[in-house]
Structures are given as structure tokens and as C-alpha cells.
**Q** 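Would you mind keeping the following structure in view while I ask a few things?
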Amino acid sequence: MSEVRATGWVGWAYFAAVMLFIGAGIDLFYGIMAIIGPNTAYFVGSGGGVASFNVAAWGWWSLIIGVLLLLAGLFLLRGAMWARVFAVIIAGVNAITQLMSLPAQPWWSIVMVAIDVLVIYAVTVHGRELRS
């Protein structure tokens, strides 16, 4: 078995962890906002109607995803293989979640999906070097 040598690309994995932390903070804030004020303008779609889902339930879902993103970032910094798999899964779930909120917040959803794709790229392509 060959030894994995850390190169400059290991920074991508740390970038992924930081992006997971940022995404977690935003999802936690978004979830709290949805629970406290489900009728606010933030959750109103471009057509004027409120998003077609229960906003309070969506807030709880965002809180759960936020906590999982935070845990994924923490475990990713430890370099375990299972943490890389968990980070990819939770980033994928977050991307799908953000696509579902596209009618209410189109630009925000697109930015969050792009961040999730960058996290998945960083972890899958360069994550192996974290174990060194």
C-alpha cells in the first residue's frame, strides 16, 4: 500500500470544511427565521404567494440540515474516510433542499447549490490527502 503524501491540494478539503461551516450557519439562521416568522417576505415567492410548503416545518428541516452540515465540517477536519462520505451525502441533501426552495429564493438557492457542488468536488477529488 502506497503512502499518501499531503500536497497543496489538501487545502481544498479544508476549504470544504469551512464552506460546510458557513452553510451550517446560514441554514441554522434560515431555519430559525422560518420557525419564528413563517409569513415574512423572505418566504414569499416571486409570484406573490407564499412558498408551497409548510414554512415552519421547512424551518425545522433547515435546522436539522444545519446541524448535520456543522457536524460534517467538524468530522471532515479530522480526516476520517467516513467523514468524507458523510460530507458528500449531507452536501448533496442540502443541494436538493436548496433546489426545493428555488421558487421563494432563486438567487440564494443557486448560490447554495454552487457551494455544495464545490464541497462535493473538494472532498471527492482531494479528500484522500487528509489522512496523512
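Values in this document were obtained by computation on a predicted structure and should not be read as measured data.
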**Q** Please name all residues satisfying ring pair (Phe, Tyr, Trp, His ring centres under 6.0 Å) with Phe29, sequence neighbours left out, ordered by chain then number.
**A**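 Ring pair (Phe, Tyr, Trp, His ring centres under 6.0 Å) check on Phe29 returns nothing, list empty.
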**Q** Return the minimal non-hydrogen interatomic distance between Leu77 and Ala17, and the atom names on each side.
**A**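 Nearest heavy atoms, Leu77 then Ala17: CD2-CB, 3.5 Å.
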**Q** Which pair of non-hydrogen atoms, one from Leu76 and one from Ala83, has the smallest distance, and what is that distance?
**A**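 Distance-wise, the nearest heavy atoms are N-CB, 3.8 Å.
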**Q** Nearest 0.5 angstrom please: Leu102 CG to Trp108 CH2, how far?
**A**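 Between Leu102 CG and Trp108 CH2, I get 13.5 Å after rounding to 0.5 Å.
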**Q** With sequence neighbours left out, write down each residue that passes side chain to side chain contact (heavy atoms under 4.5 Å, CB included) with Val85, or none if nothing qualifies.
**A**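 Residues passing side chain to side chain contact (heavy atoms under 4.5 Å, CB included) with Val85: Met81, Ile89.
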**Q** Return all side-chain donor-acceptor pairs below 3.5 angstrom for residues 61-71, not counting sequence neighbours, or 'none' if the list is empty.
**A**
| unit_1 | atom_1 | unit_2 | atom_2 | d |
| --- | --- | --- | --- | --- |
| Trp61 | NE1 | Thr97 | OG1 | 3.1 |
| Ser62 | OG | Trp58 | O | 3.2 |

**Q** Any idea how Trp12 and Tyr121 line up, ring-wise: parallel (<30°), tilted (30 to 60°), or perpendicular (>60°)?
**A**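 Rings of Trp12 and Tyr121: perpendicular, as their planes differ by over 60°.
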**Q** How far apart are the closest heavy atoms of Ala34 and Gly59, and which atoms are they?
**A**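 That closest heavy-atom pairing would be CB-CA, 3.5 Å.
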**Q** Report whether Ile110 and Ile26 are members of the same hydrophobic cluster (ILVMFWY, side-chain heavy atoms less than 4.5 Å apart, transitive linking).
**A**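 The answer is no; the residues belong to distinct hydrophobic clusters.
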**Q** Considering residues at least two apart in sequence or located in another chain, which fulfil the ring pair (Phe, Tyr, Trp, His ring centres under 6.0 Å) criterion with Trp107?
**A**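 For Trp107, no residue satisfies ring pair (Phe, Tyr, Trp, His ring centres under 6.0 Å) once neighbours in sequence are set aside.
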**Q** By ring pair (Phe, Tyr, Trp, His ring centres under 6.0 Å), which residues pair with Phe86, not counting sequence neighbours?
**A**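 Once residues adjacent in sequence are excluded, Phe86 has no partner under the ring pair (Phe, Tyr, Trp, His ring centres under 6.0 Å) criterion.
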**Q** Considering all heavy atoms of both residues, which atom of Val123 and which atom of Ala87 are nearest to each other, and what is their separation?
**A**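 Nearest pair, atom of Val123 first, then Ala87: CG2-CB, 4.4 Å.
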**Q** Nearest 0.5 Å, please: how far is CG in Asp116 from CE in Met19?
**A**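 That separation rounds to 9.0 Å.
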**Q** Given a cutoff of under 4.5 Å between side-chain heavy atoms of I, L, V, M, F, W and Y, with clusters grown through shared members, what are the other residues clustered with Val113?
**A**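 Leu99, Val117, all in the cluster of Val113.
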**Q** Kindly compute the distance separating CG (Leu74) from CZ (Phe21), expressed to the nearest 0.5 Å.
**A**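 Output value for this atom pair is 4.5 Å.
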**Q** Rounded to the nearest 0.5 Å, what separation is found between the CG atom of Asn94 and the CG atom of Asp27?
**A**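 So the CG of Asn94 and the CG of Asp27 are separated by 4.5 Å.
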**Q** For a quick test of reading the model, state the closest non-hydrogen atom pair linking Ser109 to Gln98 and the distance between them.
**A**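 That would be OG-O, 3.0 Å.
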